[in-house]
Amino acid sequence: MLNRQGRPTQGSVSAHEPHATFTGNRALQQIEPLIFEIGHPETTGVDIDAPAPFKSRLGSHARKGEIGLPGLSEPEAMRHYVRLSQKNYGIDTGLFPLGSCTMKHNARLNEKTARMPGFSDVHPLQPVSTVPGALEVMLELSHYLMTLTGMPAVALSPKAGAHGEACGMMAIKAAIAAKGEGATRNVVLVPESAHGTNPATAALIGFSVRSVPAREDGTVAVEDVKALLGPDIAAIMLTNPNTCGIFEPQIVEIAAAMHEAGAYFYCDGANFNAIVGKARPGDLGVDAMHINLHKTFSTPHGGGGPGSGPVVLSERLAPFAPVPFIHVEGGSARLVENAADAPAGNQPFGRITAFHGQMGMYVRALTYMLSHGSDGMKQASEDAVLNANYIRAGLSDLMSLPFPDHPSMHEALFDDEWLKGTGVTTLDFAKAMIDEGYHPMTVYFPLVVHGAMLIEPTESESKASLDLFIATLRDLAMAAKGNDKARFTGAPHHAPLRRLDETRAARQPVLKWVPPVPLAEAAE
Ligand SMILES: *Cc1c(COP(=O)(O)O)cnc(C)c1O
């Protein structure tokens, strides 16, 4: 039985569900309606005396109707939010193999340092003289980011990878304008396999986007890039290792070709976690690259974030870095808040955030770096690559690899060739993983691979954890091949709301709760 919001009502035992319960709950999996559906405006957790009569000065702005907030007792409100929080699948509850997203363990030591009052209580509007420690943290983090990438400058303030892309591309745009080529160099090359944020960033900043075709083997060929070069080309946005999990073999040649044509090389560094301590983007000819602290340096993602996407810049782009930044001269650090105060030779392109970026994430990332040391960070990259290849080796006899000739870096990419004729799709397979208690891998990305399944275990997982994951996927793969379609059709079978209409949720999201029409009115 569904109520008017389309949710199951409680007390509706269905004869068709073999183990249906009266409440609709399944032990600790409890149905949680919206707070508006469980609370009533006339109920309240606190009793406040009615105010003495007073003359309102709000005039026509005074509220005319009831405020309509859901009223709940304190335990009811507490239970509602705790239950909602428990519906989250996170890296703290299980393996999270989302390819390209690098869902690493968020080390508790990072959380501990970020919560130290000296860090957590600083305010962005405090006088600079009272926060030398915060500046020191930012400088030290900058030092390690520049050292690990082999780049001479970094802009810390971007608040996500995509924001970092915007920052790096704006620096490129400013550099082109400074050379007087702003009107003519306005095309950005983006490979077909790129993350959607790359073309979106280029377009948002006013560049037009031209696609670089993907080669049969999942890499970008220098000849294909060269064929597109001309005086109108501003830059290429290339991911390395790329979104197929492959280290671009011609990256150095591509960088040289770009520079020769007077253009820039923006590297999407979301996959830097595969090569930290092994290869330096600066040595590969990169001009700008964002680093997702929430991927490579283990700070929390998304809702648990916020993210942070510092951008390292080459010598050519460094003068255009946005304010604010810290300038060190003669051993003392100065905060440059306005372009007019920038040291000679600098032409900041502007400002992209109100303040200095995500301070809490700087503390966490620096803690991660210092607790690992340079040997530890290198080992983290090696283990991430080892784990991905372990999964690849454990599944590749059952599931098909689109690019069998290239070794995988930090993620293993499968296509859906092996599902042909089974009637099971990549989406069905991913949904069946939910029944097994796993968050699915990234699916249908990169777009250049049919029915892609992109698995990134990261270095966080133990061998036992990987073995169970592989065994589970093998069991599912055998079921798909063995005609056990029931396990996939309509999966997940054990999730509270079964399979959701994700397209409708994305295209026509219901963002507002509408109060049910009172029965008396509805009858009229
Ligand atoms: C995650 C990711 C991005 C965007 O980073 P956000 O922090 O999510 O904005 C860009 N490119 C690639 C390849 C990514 O994996």
Side-chain angles (χ1 to χ4, degrees), residues 118-147 149-182 201 204-206 234-235 264 266 282 286-291 293 306-363 365-366:
F119 293 127
S120 62
D121 291 350
V122 293
H123 191 280
L125 291 177
Q126 248 173 274
V128 176
S129 61
T130 64
V131 287
L135 297 192
E136 188 72 35
V137 164
M138 291 163 80
L139 280 175
E140 194 162 342
L141 175 68
S142 300
H143 165 76
Y144 287 114
L145 292 176
M146 293 187 293
T147 305
T149 55
M151 302 281 279
V154 60
L156 285 184
S157 61
K159 293 184 177 178
H163 201 203
E165 290 174 31
C167 178
M169 292 306 288
M170 283 163 123
I172 288 174
K173 191 165 189 162
I176 289 172
K179 284 194 280 188
E181 296 179 337
T201 296
L204 187 79
I205 292 171
Y264 294 86
Y266 184 92
V286 168
D287 287 301
M289 181 182 93
H290 72 263
I291 300 158
L293 297 187
S308 182
V311 180
V312 285
L313 299 167
S314 64
E315 210 71 71
R316 304 196 295 158
L317 293 180
F320 303 98
V323 289
F325 58 82
I326 307 169
H327 178 64
V328 184
E329 212 172 83
S332 71
R334 170 168 80 87
L335 193 62
V336 179
E337 281 276 8
N338 301 301
D341 305 330
N346 283 48
Q347 303 160 254
F349 71 71
R351 166 189 283 276
I352 58 166
T353 63
F355 298 116
H356 311 279
Q358 311 287 26
M359 186 65 200
M361 298 304 138
Y362 303 160
V363 177
L366 184 58

Has the side chain of K173 got a donor or acceptor atom that lies under 3.5 Å from a matching backbone atom of I205? yes
CG-CZ distance between L313 and F320, expressed to the nearest 0.5 angstrom: 10.5 Å
Closest contact, heavy atoms only, S314 versus M151: N-CE, 3.6 Å
If we count only N and O atoms by modelled type, under 3.5 Å, do the side chains of S308 and Q358 hold a donor and an acceptor together? no
Give the C-alpha distance, both sets of side-chain angles, the deciding distance and a yes or no for side chain to side chain contact (heavy atoms under 4.5 Å, CB included) between V323 and N338. CA-CA 6 Å; V323 289; N338 301 301; 5.9 Å; no
Sorted by chain and residue number, the side chain to side chain donor-acceptor pair (under 3.5 Å) partners of T149 (sequence neighbours excluded) come out as none
About how many Å separate OG of S157 and CE of M138, when rounded to the nearest 0.5 Å? 8.5 Å
So, for H356 and P324, which heavy atoms are closest and what is the spacing to 0.1 Å? ND1-CG, 3.3 Å
So how far is it from D341 CG to N346 CG, rounded to the nearest 0.5 Å? 11.5 Å
Tell me, do M169 and Y266 make a side-chain contact under 4.5 Å, heavy atoms counted? yes
Atom CG of L366 and atom CZ of F119: how far apart are they, to the nearest 0.5 Å? 8.0 Å
Using every non-hydrogen atom in the two residues, find where M146 and P152 come nearest and quote the distance to one decimal. SD-O, 3.3 Å
Is there a side-chain contact between L125 and F355 (heavy atoms, below 4.5 Å)? yes
Heavy-atom closest contact (P158 atom, V311 atom, distance): CG-CG2, 4.0 Å
Just jot down the side chain to side chain donor-acceptor pair (under 3.5 Å) partners of S142, sequence neighbours excluded, or say none. none
Output all residues satisfying side chain to side chain donor-acceptor pair (under 3.5 Å) with Q126, sequence neighbours left out; order by chain, then residue number. T130
Distance (rounded to the nearest 0.5 Å) between L156 CG and C167 SG: 10.0 Å
Rounded to the nearest 0.5 Å, what separates atom CG in L204 from atom CE in M170? 8.0 Å
Counting N and O atoms only, with roles assigned by atom type, does the side chain of R351 sit under 3.5 Å from a partner on the main chain of E337, one being a donor and the other an acceptor? yes
Candidate list L335, V128, V336, test side-chain contact (heavy atoms from CB on, under 4.5 Å), partner I326, passing option: L335
